[in-house]
Amino acid sequence: MAKLIMLCLLFLSFGFALSCPDDQKQTLLQFKSSILNNSTSFLPSPQGLHSWNSSSDCCQWMLVTCSTRSMTFRPVVSLDLYNFVSSLPPEANPVDSSALSPLFRIKSLVMLDISSNSIQGMIPGDGIANLTRLAHLDMRDNSFNGSIPPQLFGLRNLQYLDLSSNLFSGNLSKEVGSLKNLKVLNLAENFITSEIPPEIGNLTNLQKLSLRRNNFFGGIPQSILNLRRLEALDFSNNSLSSEIPVEIGSLSNLTSLSLSKNRLGGGIPPSIQKLSKLGTLQLDQNLLSGAIPLWLFDIEGLKILNLGGNNLTWNNSAANTSSTPKCALSRLLLRSCRISGHIPLWLSAQDSLIFLDLSENELEGPFPDWLAELNIGTIILSDNKLSGPLPPRLFQSLNLSVLALSRNKFSGALPENIGNAEIMILMLAGNNLSGPIPQSIWSIYRLLLLDLSRNNFSGKLIPSFNPLSLLAYIDISSNRLSGDIPASLGDRTRILRLGENELSGQLPPNLSAMSQLEYLDLHNNFITGNIPESLTQISTLQVLDLRNNSLEGQIPEALSDIPNLRILDLSINQFNGKIPPKFGNLKAMAERRDLEVSLSDIFNFQIEFNDLQVIWKNSLQGLPNHNLQIYSLLDLSINRISGEIPASLGALKGLKLLNISHNNFRGGIPSSFGGLENLESLDLSHNNLSGEIPQTFANLLQLNTLDLSNNKLSGPIPRGSQMDRLIGSNNYANNSDLCGMQIDKPCPELLPPQHSPEPEEDRSKDSLLSWKATCTGFPVGLAIAVLVMYFSGYFSLPPKHHLRSQRHRSSRRH
Ligand SMILES: *[C@@H]1O[C@H](CO)[C@@H](O)[C@H](O)[C@H]1NC(C)=O
Ligand SMILES: *[C@@H]1O[C@H](CO)[C@@H](O)[C@H](O)[C@H]1NC(C)=O
Ligand SMILES: *[C@@H]1O[C@H](CO)[C@@H](O)[C@H](O)[C@H]1NC(C)=O
Ligand SMILES: *[C@@H]1O[C@H](CO)[C@@H](O)[C@H](O)[C@H]1NC(C)=O
Ligand SMILES: *[C@@H]1O[C@H](CO)[C@@H](O)[C@H](O)[C@H]1NC(C)=O
Ligand SMILES: *[C@@H]1O[C@H](CO)[C@@H](O)[C@H](O)[C@H]1NC(C)=O
Ligand SMILES: *[C@@H]1O[C@H](CO)[C@@H](O)[C@H](O)[C@H]1NC(C)=O
Ligand SMILES: *[C@@H]1O[C@H](CO)[C@@H](O)[C@H](O)[C@H]1NC(C)=O
Ligand SMILES: *[C@@H]1O[C@H](CO)[C@@H](O)[C@H](O)[C@H]1NC(C)=O
Ligand SMILES: *[C@@H]1O[C@H](CO)[C@@H](O)[C@H](O)[C@H]1NC(C)=O
Ligand SMILES: *[C@@H]1O[C@H](CO)[C@@H](O)[C@H](O)[C@H]1NC(C)=O
Ligand SMILES: *[C@@H]1O[C@H](CO)[C@@H](O)[C@H](O)[C@H]1NC(C)=O
């Protein structure tokens with residue numbers, strides 16, 4: 001009998017040796033079904049949960065690892081559920097954190113990775129407290145919210161904790177210090193608002209610590225100096241103030257220190273020179289002051305140095321006399337560090353350099369030949385005082401992707417060989433460059449952005465686009481280009497600015513080939529003829545500025561079919577005929593719509609614009625750039641448009657500015673104008689409008705600029721909260737018989753009909769009421785964009801998400 005029992009036991013334990021504990025298997029199956037909600041349509045991807053079926057051993061399942069320590073008992077020790085959502089049907093609902101609850105019964109877990117799954121809701125604190133053996137917990141890149149449960153900090157065996165890229169908010173628990181065995185703590189990219197708890201210094205085994213992109217405030221706790229094993233420390237993009245701890249150099253194993261984008265003051269602590277393993281030092285965008293210490297360049301392993309955007313200074317004479325630096329940098333960013341004189345010569349020995357940003361300094365002298373020969377990928381020298389011609393050697397480089405030299409004093413012609421370059425972004429705005437634009441520039445096949453504005457380029461503009469051209473942004477405004485508007489333009493162009501040149505001839509008939517065009521600016525040229533039908537077929541158009549040309553004919557009714565058109569400036573031309581009544585259908589002017597500026601699609605981030613400057617009676621009004629997409633403007637002033645004002649214009653509720661002054665409109669002002677509820681500026685002056693000002697003007701609660709002068713209006717000026725503020729005779733001068741408190745003229749009970757003399761045609765320059773959109777924001781905005789791109793490593797690394805999953809995969813296997 002005993003033998004039989006022994007045999008049975010042996011058999012049973014043999015059985016256990018092959019399979020995982022049944023309760024854990026059931027638990028995992030339960031987890032699977034709660035995730036899938038019994039969905040049958042999930043994809044049989046090899047990474048998926050499809051191998052989890054009740055007829056097999058869970059130790060054989062994918063994503064599951066069982067203990068191998070014992071032959072008799074094989075509990076589940078590891079679950080690698082990274083991005084399991086990718087095997088769910090795309091229409092599946094986001095997974096709720098409650099679906100995780102079965103997992104908290106598998107107490108044998110040592111490794112749990114549920115990263116990149118868009119899981120929503122709070123981390124169940126009681127559940128996680130069950131997993132006391134966990135050494136590795138990766139929950140990054142989900143949508144966990146609420147606060148981080150304090151129970152998590154009770155998991156004494158944790159070595160690796162990554163909670164980054166979630167939606168955690170609230171204060172970080174002080175119990176963080178109890179995780180004594182932690183090696184990696186990553187809480188980056190949440191919304192945690194608190195001081196960094198000093199107890200973090202109890203985690204003396206930490207090797208990597210990232211609290212990047214939260215709202216930590218206060219000082220950096222001295223206790224981090226206890227973290228002697230620390231190799232990577234990232235506190236960037238918080239609100240930390242005070243100074244960098246003087247003794248930071250005692251963390252002698254540090255290879256990477258990132259404190260960018262905080263409010264740290266004081267100087268760069270001298271102890272940093274003791275960090276002999278330092279490879280990355282990023283202290284940019286703080287309030288650091290004092291001189292940039294030259295010993296930094298003698299840290300042999302230093303590869304990435306970013307000190308831009310502080311209040312630091314550069315001692316030129318010291319730099320000149322010091323010996324050759326020992327470091328071999330790959331990225332050097334010293335934006336706004338008051339570097340004067342020539343571009344430092346010692347850089348010529350830095351032949352590993354792939355990224356150089358010395359913008360916003362006081363550099364002068366020529367673009368050095370040695371710099372052209374270094375084969376750097378990104379050169380940003382904007383906003384200095386550099387001069388002379390651009391060396392042709394620069395454009396032979398196969399590595400140069402970004403060249404930003406805007407706002408210097410470079411002169412001469414662009415080298416003919418520029419077409420050999422592999423450049424993606426070329427920004428040369430605001431220099432003294434002259435001569436023709438080399439034809440070869442249009443054959444740079446990687447070119448995305450070309451900004452040659454505000455130079456002295458002349459000659460005809462004859463771009464010949466490669467059909468595969470990616471060029472999305474072209475700004476050649478404010479030059480002296482002449483000849484016709486080019487007949488063939490790039491199909492992928494989104495922003496085309498050719499304003500303030502000497503272009504003539506008619507608009508080409510094939511404009512609709514630019515099927516992605518959003519912004520067309522041709523103002524201040526000599527363009528003649530009509531608006532071609534093809535222009536009205538560009539449905540992506542948002543901004544059309546044809547101000548101050550010699551265009552004529554009727555305003556095409558089909559413009560009103562462009563659904564996204566929100567800024568239309570046709571002022572100072574010779575348009576005649578009537579305003580098409582269908583203009584009341586201009587969708588983007590009728591509704592307030594938040595249109596994305598989709599250049600961000602290309603660059604994968606949001607672009608910022610400078611204020612759009614609007615001149616109104618010589619006073620400059622800026623439309624804040626972050627709101628530019630909600631502004632909508634219609635300016636038809638200084639033309640020969642006649643007829644009555646269509647009442648349908650009153651439907652353009654989104655309009656902020658309406659200017660139809662200096663035309664030949666007659667008849668009354670439509671009472672529907674009272675519906676222009678967002679209107680801030682209205683100019684109807686210098687027409688032949690008659691009758692009374694509609695009482696509905698009392699509804700224009702945003703109105704702060706009004707010009708009705710030089711018409712034949714009569715009767716009482718409406719009252720109302722804004723109308724009562726718009727006082728002064730200038731707004732109403734030269735009309736037939738207006739009265740009201742605004743012009744200090746009491747209204748009689750009954751108004752006898754009166755006639756006044758015809759107002760004289762006044763087209764003189766000083767009464768020019770047009771707004772002037774200078775829009776300098778695009779180039780500046782893109783400079784910001786470029787900055788963002790290089791901070792995200794855009795130009796030297798594979799795309800971010802790609803990199804991320806790669807990095808993830810490899811780190812996970814270790
Ligand atoms: C699960 O499926 C049922 C019916 O198929 C549905 O009513 C329910 O909303 C689903 N639940 C979740 C969380 O998706
Ligand atoms: C899935 O189906 C089983 C029975 O077929 C049922 O017991 C279970 O509740 C279902 N799960 C969900 C999440 O609907
Ligand atoms: C269960 O999965 C195993 C492999 O893991 C497979 O061989 C078996 O056919 C599956 N059984 C069913 C019923 O799907
Ligand atoms: C913790 O584990 C126990 C035993 O497996 C289980 O009954 C309990 O539900 C678990 N707690 C949570 C919150 O999941
Ligand atoms: C967390 O997210 C869920 C679902 O997205 C939401 O219902 C809940 O209110 C959020 N909780 C907190 C504290 O933000
Ligand atoms: C976090 O703690 C600070 C003080 O330590 C307090 O001022 C703040 O209100 C707290 N924030 C939250 C969201 O609890
Ligand atoms: C951190 O360490 C200090 C001193 O070593 C100790 O007094 C404190 O209790 C520790 N805190 C935690 C949360 O372990
Ligand atoms: C800094 O972090 C905040 C979130 O806390 C984010 O909105 C912002 O874009 C970040 N800034 C930069 C420059 O990364
Ligand atoms: C620093 O790193 C070295 C090599 O990785 C290691 O041997 C040493 O123990 C570390 N120092 C500390 C204080 O952890
Ligand atoms: C920058 O530093 C100088 C001293 O080097 C100081 O006088 C000045 O106030 C600082 N400016 C700011 C904005 O902190
Ligand atoms: C530094 O040296 C360069 C030549 O190498 C010279 O042109 C420059 O004037 C020097 N600057 C200072 C501040 O001495
Ligand atoms: C610049 O460096 C020189 C030589 O090292 C030194 O004599 C001078 O005092 C320094 N100037 C400043 C403002 O630090």
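This chain uses plain numbering: 1 for the first residue, then up along the sequence. Read the numbers this way: they start at 1 and go in the same order the structure lists the ligands and their atoms. Values reported hereafter were calculated over all heavy atoms of this structure, with side chains retained and with hydrogens, waters and symmetry mates removed.
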- Task: Using a strict 4.0 Å threshold on nitrogen-to-oxygen distance, state whether Glu231 and Lys208 make a salt bridge.
- Result: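 Between Lys208 and Glu231 there is no salt bridge, as every charged N stays at least 4.0 Å from the carboxylate O atoms.
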
May I ask you to identify the nearest protein heavy atom to [atom], giving residue, atom name and distance to one decimal place in Å?
atom: atom 13 (C) of ligand 9; value: Arg228 O, 3.5 Å
atom: atom 2 (O) of ligand 12; value: Asn315 ND2, 2.4 Å
atom: atom 4 (C) of ligand 9; value: Lys277 NZ, 4.2 Å
atom: atom 5 (O) of ligand 12; value: Ala318 CB, 3.6 Å

- Check whether any side-chain heavy atom of Leu358 lies under 4.5 Å from a side-chain heavy atom of Leu347, and answer yes or no.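 Answer yes - side chains close enough.
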
- State, with a plain yes or no, whether a side-chain heavy atom of Val76 is found less than 4.5 Å away from one of Leu109.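 Val76 vs Leu109: side chains touch.
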
- Message: My question is simple, although I want it checked carefully: is atom 9 (O) of ligand 10 less than 4.0 angstrom from any protein heavy atom?
- Response: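 No.
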
- Report, in ascending order of atom number, the atoms of ligand 9 lying under 4.0 Å from any heavy atom of Arg229.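 Once the distances to Arg229 are compared, the set is 14 (O).
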
- May I ask you to list the atoms of ligand 9 that are less than 4.0 angstrom from any heavy atom of Asn253?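 Reading through ligand 9 atom by atom, the close ones are 1 (C), 2 (O), 3 (C), 8 (C), 10 (C), 11 (N), 12 (C), 14 (O).
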
- Message: Are any of the N/O atoms on Asn311, whether in the backbone or the side chain, positioned under 3.5 angstrom from an N/O atom of ligand 10?
- Response: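 Yes, since at least one N or O of Asn311 sits under 3.5 Å from an N or O of ligand 10.
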
- Query: Please walk me through it: do Leu209 and Ile200 pass side-chain contact (heavy atoms from CB on, under 4.5 Å)?
  - Reply: CA-CA 10 Å; Leu209 172 58; Ile200 205 155; 4.0 Å; yes

- Task: Could you walk me through whether Glu360 and Arg335 pass the salt bridge (Lys or Arg N to Asp or Glu O under 4.0 Å) test, one step at a time?
- Result: CA-CA 6 Å; Glu360 294 177 38; Arg335 178 175 62 89; 3.8 Å; yes

- Message: Quick one, Thr280 with Lys303, criterion side-chain contact (heavy atoms from CB on, under 4.5 Å). Give me CA distance, side-chain angles, the key distance, then yes/no.
- Response: CA-CA 6 Å; Thr280 298; Lys303 295 215 154 25; 5.7 Å; no

